[in-house]
There are 2 protein chains.
Amino acid sequence: MLDATLAALADPTRRAILSRLAEGEARVTEVARPFPISLNSVSKHVRMLERAKLVRRRIEGRDHFLSLDPAPLDEAADWIAAQKKLWAWRLGELEKVLAHG
Amino acid sequence: MLDATLAALADPTRRAILSRLAEGEARVTEVARPFPISLNSVSKHVRMLERAKLVRRRIEGRDHFLSLDPAPLDEAADWIAAQKKLWAWRLGELEKVLAHG
DNA sequence: AACATATTCACCTCTAGGGGTGAATATTCC
DNA sequence: GGAATATTCACCCCTAGAGGTGAATATGTT
């Protein structure tokens with residue numbers, strides 16, 4: 001799922017949508033309002049966020065309420081943290097070699 | 001730069017290249033060897049990783065040595081960490097409302 | 001000079017993403 | 001029933017990405 005998560009996060013519009021939802025649940029139209037693009041485009045972004053499981057949808061009549069799901073964010077954070085650790089180790093080793101060489 | 005970083009990380013081949021480079025500097029051909037795709041494709045992935053500043057290139061004769069640059073990873077980790085904090089706060093508020101409601 | 005190796009360049013194909021518009025669907029309101 | 005609202009569906013266009021092949025370039029080797 002990392003692929004879909006990171007791809008979803010790679011777009012600034014989608015990151016802005018997530019930031020908006022961090023303030024609280026909202027309908028698609030409310031989410032779309034601040035953006036200069038069409039409602040339709042926002043709807044597609046939302047669909048990608050759902051596919052990445054970063055956003056959940058609760059349908060109530062004609063209103064679709066969107067909310068955040070933090071789980072995939074953890075997975076992404078874990079991968080990045082693991083890489084940072086590995087890289088730091090490697091770069092640390094290199095420094096040791098340079099210092100003792 | 002977040003866009004390019006997250007987009008670069010969204011591809012599994014590129015993540016594998018980064019993991020390989022975490023073991024140490026390597027030439028393009030060495031990096032490409034384990035992959036079932038053409039050397040050319042790997043070369044293109046490397047170019048994207050360079051564009052995202054996750055990989056640096058040191059040219060020595062006909063050999064191009066690739067190494068990691070951890071800086072953009074920090075930026076990505078920071079953004080995700082900030083979001084996790086925001087989301088946790090929001091979800092916490094919701095729980096309070098539910099508990100006291 | 002001739003050959004081999006390392007890498008990229010130039011091109012092709014296919015698919016997916018981001019944007020748009022207009023119509024369809026579902027629901028609510030009068 | 002009829003109108004307004006909320007959302008998606010079905011298309012269109014354009015660009016970028018991921019894959020490929022074959023040629024060009026540069027360096028190393030004999």
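Below, chain A is the first sequence line, B the second, and so on; all start at residue 1. Reckoned from all heavy atoms, side chains included, excluding hydrogens, waters and symmetry mates.
If you take CG of A:L39 and C1' of C:dG19, they are 13 Å apart, rounded to a whole angstrom. The CG atom of A:L6 sits 16 Å away from the P atom of D:dG17 (whole-angstrom rounding). Residue B:D3 contributes atom CG, which lies 11 Å from atom P of D:dG17 at whole-angstrom precision. Between A:I59 atom CD1 and D:dT5 atom P there is a gap of 21 Å when expressed in whole angstrom units. Counting to the nearest Å, the P atom of D:dT27 and the CD atom of B:E60 are 13 Å from each other. One can place CG of B:D63 at 9 Å from C1' of C:dT5, the figure rounded to the nearest angstrom. Going from atom CD1 of A:I37 over to atom C1' of C:dT21 covers 14 Å, rounded to whole Å. For B:R14 and D:dG19, the CZ to C1' distance is 13 Å, given to the nearest whole Å.
In terms of phosphate contacts, B:S41 brings no side-chain nitrogen or oxygen within less than 4.0 Å of OP1 or OP2 of D:dA18. Regarding contacts with the backbone of C:dG19, every side-chain N or O of A:S38 stays at 4.0 angstrom or more from both OP1 and OP2.
Proximity of a side-chain donor or acceptor of B:R14 to a complementary backbone N or O of B:A8 within less than 3.5 Å is detected. Side-chain atoms of A:R20 do not come within 3.5 Å of backbone N or O of A:V31 as any donor-acceptor pair. No donor-acceptor pair closer than 3.5 Å links the side chain of B:S43 to the backbone N or O of B:L39.
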Steps toward side chain to side chain contact (heavy atoms under 4.5 Å, CB included) verdict (B:H64, B:V46) = CA-CA 11 Å; B:H64 295 209; B:V46 169; over 6 Å; no

Dump the intermediate steps for side chain to side chain contact (heavy atoms under 4.5 Å, CB included) on A:R58 and A:R56, then the final yes or no.
-> CA-CA 7 Å; A:R58 174 173 61 83; A:R56 272 184 309 237; over 6 Å; no

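Nearest nucleotide to the A:R62 side chain, out of C:dA10, C:dT27, C:dG19: C:dT27. Proximity note for A:T13 (side chain, C-beta onward) versus C:dG19, C:dG17, C:dG20: the nearest is C:dG19. For B:H45, counting side-chain heavy atoms from C-beta on, the closest listed nucleotide (C:dT21, D:dG20, D:dA18) is D:dA18. The side chain of B:D11 lies closest to D:dA18, out of D:dA18, D:dG19, C:dG19. Considering only side-chain atoms of A:R47, the nucleotide from D:dC9, C:dC9, D:dG20 that sits closest is D:dC9. Checked against D:dA6, C:dG19, C:dG17, the side chain of A:R27 finds its nearest nucleotide in D:dA6.
For A:K44 against C:dG17, no side-chain N or O and base N or O form a donor-acceptor pair under 3.5 Å. No hydrogens or angles were tested; on distance alone, a donor-acceptor pair under 3.5 Å links the side chain of B:N40 to the base of D:dG22.
Distance check: A:L54 CG to A:L68 CG gives 8.0 Å after rounding to the nearest 0.5 Å.
Heavy atoms of A:R33 sit nowhere under 4.0 angstrom from any nucleic acid atom.
Positionally, the nearest nucleotide of DNA chain D for A:E50 lies more toward the 5' end than for the other of B:P36 and A:E50. Mapping A:G61 and B:H64 onto DNA chain C by nearest heavy atom places B:H64 closer to the 5' end of the strand.
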